[in-house]
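Only this structure's heavy atoms are used, side chains among them; waters, hydrogens and symmetry mates stay out.
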Amino acid sequence: AAGQTDPGPDRRRGSSGCTVGGRRKSEHKLTIDEALVAGARQTVVTDFYRDCVKDQPASARHFIEEELVTEQGFRNSFAVEDALKNKRLTQAQLDALVDRRLLRRSHLLGTDRIELTHDILTKAVVEHRNLGRHKEHERRLLAYVGACVLLVGTLGYMFFQDLQRDKEESGRQLAEA
């Protein structure tokens, strides 16, 4: 109709370069780039790993972090029989981790083996392993510092007691003289 303006479908969309309520939204443009996607993906993977192991004992997490990922950050497989026999995992723990799709079973070279389900999980496992190692290092350092403080305190106390004994002995000798 004459005199009417059609705001068009883009007027309310809010996308870059479009207007919402008469204002341009380009200053609030959301840019999705590879870094954002990669960061979000790693957060999702890390959260997935954390959720899979949160109710597992430390021994199960330690097994996953130390045996199923190499020091260089690559996936490693482990014989199921050895894991169970050496009490690295219980059957219930193994079943739970397989059901959660963190671990998978495969048959290789005549034996059943377990490994992480995908290479993308290795970075999250390595980060968790490194965090655990850092906390253990801090715990040991704190214990060492505590032992040193205790030792210095004990030596100081012994030194003070020795001085006190010498003082009392000198006092007795002066009193006798």
Side-chain angles (χ1 to χ4, degrees), residues 35-36 38-106 108-109 111-177:
L36 179 65
R41 176 180 28 215
Q42 192 55 44
T43 299
V44 168
V45 172
T46 300
D47 290 347
F48 171 76
Y49 175 69
R50 191 176 310 118
D51 288 345
C52 285
V53 298
K54 69 182 174 190
D55 65 341
Q56 296 297 314
S59 59
R61 291 190 307 269
H62 185 266
F63 171 74
I64 293 166
E65 294 164 9
E66 296 296 332
E67 300 296 341
L68 298 183
V69 178
T70 67
E71 286 299 315
Q72 295 78 25
F74 298 106
R75 264 193 307 170
N76 198 17
S77 67
F78 199 90
V80 172
E81 182 181 345
D82 291 342
L84 297 174
K85 185 173 85 175
N86 297 329
K87 301 184 191 301
R88 306 299 299 270
L89 287 175
T90 66
Q91 186 65 53
Q93 292 164 348
L94 176 59
D95 291 343
L97 294 168
V98 168
D99 288 346
R100 293 173 187 170
R101 307 251 189 304
L102 178 66
L103 302 181
R104 71 175 172 199
R105 294 180 115 163
S106 61
L108 183 66
L109 302 172
T111 186
D112 285 336
R113 301 188 70 78
I114 49 176
E115 65 181 351
L116 292 171
T117 55
H118 198 281
D119 287 334
I120 199 168
L121 291 166
T122 59
K123 187 173 181 183
V125 173
V126 167
E127 286 175 1
H128 201 268
R129 174 177 69 193
N130 291 344
L131 180 62
R133 287 177 178 176
H134 180 73
K135 285 180 180 179
E136 177 63 18
H137 177 73
E138 285 181 338
R139 186 192 66 76
R140 287 183 181 177
L141 184 60
L142 187 59
Y144 176 73
V145 168
C148 288
V149 167
L150 184 62
L151 178 62
V152 168
T154 302
L155 290 173
Y157 177 76
M158 290 171 58
F159 179 73
F160 176 76
Q161 290 294 339
D162 196 37
L163 282 177
Q164 196 68 16
R165 212 173 301 119
D166 287 349
K167 185 177 175 182
E168 289 172 5
E169 184 67 32
S170 295
R172 268 188 243 132
Q173 287 176 356
L174 282 175
E176 291 174 4

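Annotation: side chain of Lys123 is not in contact with side chain of Val45 (no heavy-atom distance under 4.5 Å). Taking the side chain as every heavy atom from C-beta outward, Gln93 and Pro57 approach each other to under 4.5 Å. Contact check for Glu127 versus Asn130: no side-chain heavy atoms found under the 4.5 Å cut-off. The closest side-chain heavy-atom distance from Phe78 to Leu68 is below 4.5 Å.
Annotation: the span from Glu136 atom CD to Leu131 atom CG amounts to 12.0 Å, rounded to 0.5 Å. Interatomic distance, Asp95 CG to Leu103 CG, rounded to the nearest 0.5 Å: 10.5 Å. Of the inter-residue distances, the one linking Glu168 atom CD with Asp166 atom CG reads 9.5 Å to the nearest 0.5 angstrom. The structure places CD of Glu66 at 11.5 Å from CG of Asn76, a figure rounded to the nearest 0.5 Å. Atom CD of Glu115 and atom CG of Leu121 lie 11.0 Å apart (nearest 0.5 Å). In this structure, CZ in Arg75 is found 4.5 Å from CZ in Arg104, a value given to the nearest 0.5 Å.
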- Task: With side chain to side chain contact (heavy atoms under 4.5 Å, CB included) as the test, would you mind laying out the steps for Arg100 and Asp51 before giving the verdict?
- Result: CA-CA 9 Å; Arg100 293 173 187 170; Asp51 288 345; over 6 Å; no
- Run the numbers on Leu102 and Leu116 for side chain to side chain contact (heavy atoms under 4.5 Å, CB included), then give the verdict. CA-CA 6 Å; Leu102 178 66; Leu116 292 171; 4.1 Å; yes
- Verdict with reasoning, Asp82 to Thr111, per side chain to side chain contact (heavy atoms under 4.5 Å, CB included): CA-CA 10 Å; Asp82 291 342; Thr111 186; over 6 Å; no
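No donor-acceptor distance shorter than 3.5 angstrom exists from the side chain of Arg61 to the backbone of His128, with no hydrogens or angles considered. Side-chain N or O atoms of Arg113 include none that pairs as donor or acceptor with a backbone N or O of Leu108 at under 3.5 Å. Between the side chain of Arg88 and the backbone N or O of Phe63, no donor-acceptor pair lies under 3.5 Å.
Here the closest non-hydrogen pair linking Asp47 and Arg50 is OD1-NH1, 3.0 Å. Nearest heavy-atom pair across Leu89 and Ala60 is CD2-CB, 3.7 Å. When every heavy atom of Ala83 is checked against every heavy atom of Ile114, the shortest pair comes out as CB-CD1, 4.4 Å.
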Show me the side-chain donor-acceptor pairs of residues 144-163 shorter than 3.5 Å, one per line, residues at least two apart or across chains.
residue	atom	partner	partner atom	Å
Thr154	OG1	Leu150	O	2.8
Tyr157	OH	Gln161	NE2	2.9
Asp162	OD1	Arg165	NH1	3.4

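Residues that satisfy the salt bridge (charged side-chain N to carboxylate O under 4.0 Å, His left out) test with Glu81, not counting sequence neighbours, are absent from this structure.
For the pair Glu138 and Lys135, the salt-bridge criterion is not met [side-chain N within less than 4.0 Å of a carboxylate O].
Other residues, nucleotides and ligands place no more than 12 heavy atoms under 6.0 Å from the CZ atom of Arg101.
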